[in-house]
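Take a look at the structure below.
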Amino acid sequence: MLHTLALTAALAASLPPLVRGTVAFTLKDRELIPESVAYDPKDGAYYVGSMYKRKIVKVAKDGRQSDFVPQAQDGLWGVLGMKVDAARRELWANACNLKERQPPMVPDDETTRGQGGVFRYNLDTGRLIAKYTVGWQLAPRCFNDLVITPDGAVYFSTGPDGVYRLRPGESRVELFVEFPSFINGIAASDDGTQLFLGDYRGVQIMDVATRTARPLSVPDGESLAGIDGLYVRGRTLVAIQNGRRNQPERLLQAELSPSLDSVTCFTVLERSRPDYDIPTTGVLVRSEIFYVASSQLTRFNEDRTIFPLDKLTESVIVRTPLQIPCK
């Protein structure tokens, strides 16, 4: 068994890098430690969340970078998943204050330790519309990623704590379903009737009406394990894999069956890019994906202080065309 694992790791390490995308932009502040990126089709701006500096940076269409939400404004914690609701002109941003489960944040805030939630902003004014929080120090919670369905409901992945939901008009999030594994990436079918949940084993498909889940079937020899960012549009599934043990980090695309319950075509778009430093999440923009290629999530010392600037880089956002149809 050990010999087999060692052989598998050696074969994975021998795979050459695969680079198809180009650098969309880099982030000037080397200490951002970004995990997420969102896009507003109205003005072509991108929004990048900072885990370390507790802020959201706006990158305008012309490349100018500015603070959309300044550091710790509105009590914002370290930012994870974000989504733009273009029709309603809103930006939704998950944020957490969980000292043991994420990079540190500055300034620190012991009074809200263990709390997580989602911050809802007006895209046009930058003002906070509302924030919905969960957890406390003895029962910590963290919303990781989120997806907004056509009816305006918002679903949140929370790692080992299941899937939460916020329904339109409600002022509190609810536990939608408990789940027996760590849920990271989350996506939805175009009609919002099915959720796609990425865990360490692969992708689970959940029927929203019955709250029952089943594994997404994949071809022999392929794997959807270790997914961080997960996206579904029509019959196309796109995923960022950074959690496969002894396997290269990669960006992949899969085509789904008409019933959306199995993969009919599977292709690796990128693998082991030279600028990868824990790729995390992204956003589909027309026929491309823009994603965080270098989050630098581990650029911290044992005492949880960040590396000096000369040991950090400008984090890279990569744009990669999808293969349509998948080949």
Side-chain angles (χ1 to χ4, degrees), residues 35-36 38 49 74-98 100-102 111-123 128-200 203-216 227-232 260 281:
E35 199 273 347
S36 55
D74 308 313
L76 187 68
W77 302 302
V79 180
L80 287 95
M82 297 193 303
K83 290 291 188 298
V84 162
D85 186 337
R88 299 174 181 89
R89 305 304 303 148
E90 294 176 351
L91 173 68
W92 294 71
N94 289 342
C96 301
N97 182 9
L98 300 184
E100 303 304 324
R101 283 172 49 187
Q102 67 174 36
T111 65
T112 60
R113 185 80 75 232
Q115 293 186 24
V118 62
F119 292 67
R120 181 181 177 188
Y121 289 97
N122 183 302
L123 266 176
L128 181 71
I129 299 171
K131 63 180 177 182
Y132 313 87
T133 60
V134 294
W136 61 301
Q137 192 163 6
L138 296 181
R141 290 291 182 272
C142 179
F143 292 162
N144 193 334
D145 210 345
L146 72 152
V147 64
I148 305 170
T149 52
D151 63 356
V154 187
Y155 295 86
F156 308 92
S157 64
T158 56
D161 300 313
V163 176
Y164 280 70
R165 178 177 67 178
L166 178 65
R167 290 183 287 188
E170 296 290 334
S171 60
R172 293 172 62 91
V173 293
E174 61 178 342
L175 177 61
F176 181 67
V177 65
E178 295 181 337
F179 211 79
S181 63
F182 191 101
I183 299 298
N184 197 340
I186 184 170
S189 58
D190 290 349
D191 61 6
T193 63
Q194 298 183 74
L195 297 179
F196 295 79
L197 310 175
D199 66 10
Y200 66 91
V203 174
Q204 308 292 317
I205 311 170
M206 178 172 291
D207 181 87
V208 170
T210 64
R211 307 189 191 193
T212 57
R214 63 195 187 281
L216 177 67
I227 287 176
D228 195 338
L230 178 64
Y231 315 95
V232 173
L260 305 182
T281 66

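Here the structure is a predicted model, which means the values were calculated and not measured. In this chain, numbering begins with 1 at the start of the sequence shown.
- For the atom pair Leu128 CG and Arg120 CZ, the distance stands at 10.0 Å (nearest 0.5 Å).
- Leu216 contributes atom CG, which lies 9.0 Å from atom CG of Leu260 (distance to the nearest 0.5 angstrom).
- Looking at every heavy atom in both residues, Arg141 comes nearest to Val134 through CB-CG2, 3.5 Å.
- To the nearest 0.5 Å, the span separating CG on Asp85 from CG on Leu91 amounts to 10.0 Å.
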For this session: Could you give me the CA-CA distance, side-chain angles and deciding distance for Asp145 and Lys83, then say whether salt bridge (Lys or Arg N to Asp or Glu O under 4.0 Å) is met?
Result: CA-CA 9 Å; Asp145 210 345; Lys83 290 291 188 298; 3.2 Å; yes
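- One N or O on the side chain of Thr158 and one on the backbone of Asp161 form a donor-acceptor pair closer than 3.5 Å.
- Residues Ser157 and Leu197 have side chains not in contact (no heavy-atom distance under 4.5 Å, counting atoms from C-beta outward).
- In this structure, Tyr155 and Phe176 have perpendicular ring planes: the angle between them is above 60°, well past the 30° mark.
- Side-chain contact check for Leu195 versus Val208: some heavy-atom pair is nearer than 4.5 Å.
- Contact annotation: the side chain of Ile186 approaches that of Val163 to within less than 4.5 Å [non-hydrogen atoms, C-beta and beyond].
- If you take CH2 on Trp92 and OH on Tyr132, they are separated by 4.5 Å, rounding to the nearest 0.5 Å.
- Rounding to the nearest 0.5 Å places CD of Gln194 at 6.5 Å from CG of Asp207.
- For the atom pair CG (Leu98) and CD (Gln137), the distance works out to 10.5 Å, reported to the nearest 0.5 Å.
- Of all the heavy atoms in Lys131 and Asp74, the pair that sits closest is NZ-O, 3.0 Å.
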Exercise. When you look at Ile129 and Tyr121, which way does the side chain to side chain contact (heavy atoms under 4.5 Å, CB included) test go after all the steps?
Worked result: CA-CA 5 Å; Ile129 299 171; Tyr121 289 97; 5.8 Å; no
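- Across Val154, Leu166, Thr133, a single residue satisfies side chain to side chain contact (heavy atoms under 4.5 Å, CB included) together with Val173, and that is Leu166.
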Problem set entry | salt bridge (Lys or Arg N to Asp or Glu O under 4.0 Å) evaluation trace for Arg167 with Glu174 | CA-CA 9 Å; Arg167 290 183 287 188; Glu174 61 178 342; 3.3 Å; yes
Problem set entry | Trace of the side chain to side chain contact (heavy atoms under 4.5 Å, CB included) decision for Asn184 with Tyr200 | CA-CA 8 Å; Asn184 197 340; Tyr200 66 91; over 6 Å; no
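- Listed here is the closest heavy atom pair of Ala213 and Phe179: CB-CE1, 3.8 Å.
- Cys96 and Leu80 make their closest contact through SG-CD1, 3.8 Å (heavy atoms, listed as atom of the first residue, atom of the second, distance).
- Relative ring orientation between Trp77 and Phe119 is described as perpendicular, the plane-to-plane angle rising above 60° on a 0-90° scale split at 30° and 60°.
- Nearest heavy atoms, Leu76 versus Ala95: CD1-CB, 3.9 Å.
- Between Asp199 and Phe182 the shortest side-chain heavy-atom distance does not fall below 4.5 Å.
- Across every non-hydrogen atom of Asp228 and Glu35, the tightest pair is OD1-OE2, 3.8 Å.
- Between Leu123 and Val84 there is a side-chain heavy-atom pair separated by less than 4.5 Å.
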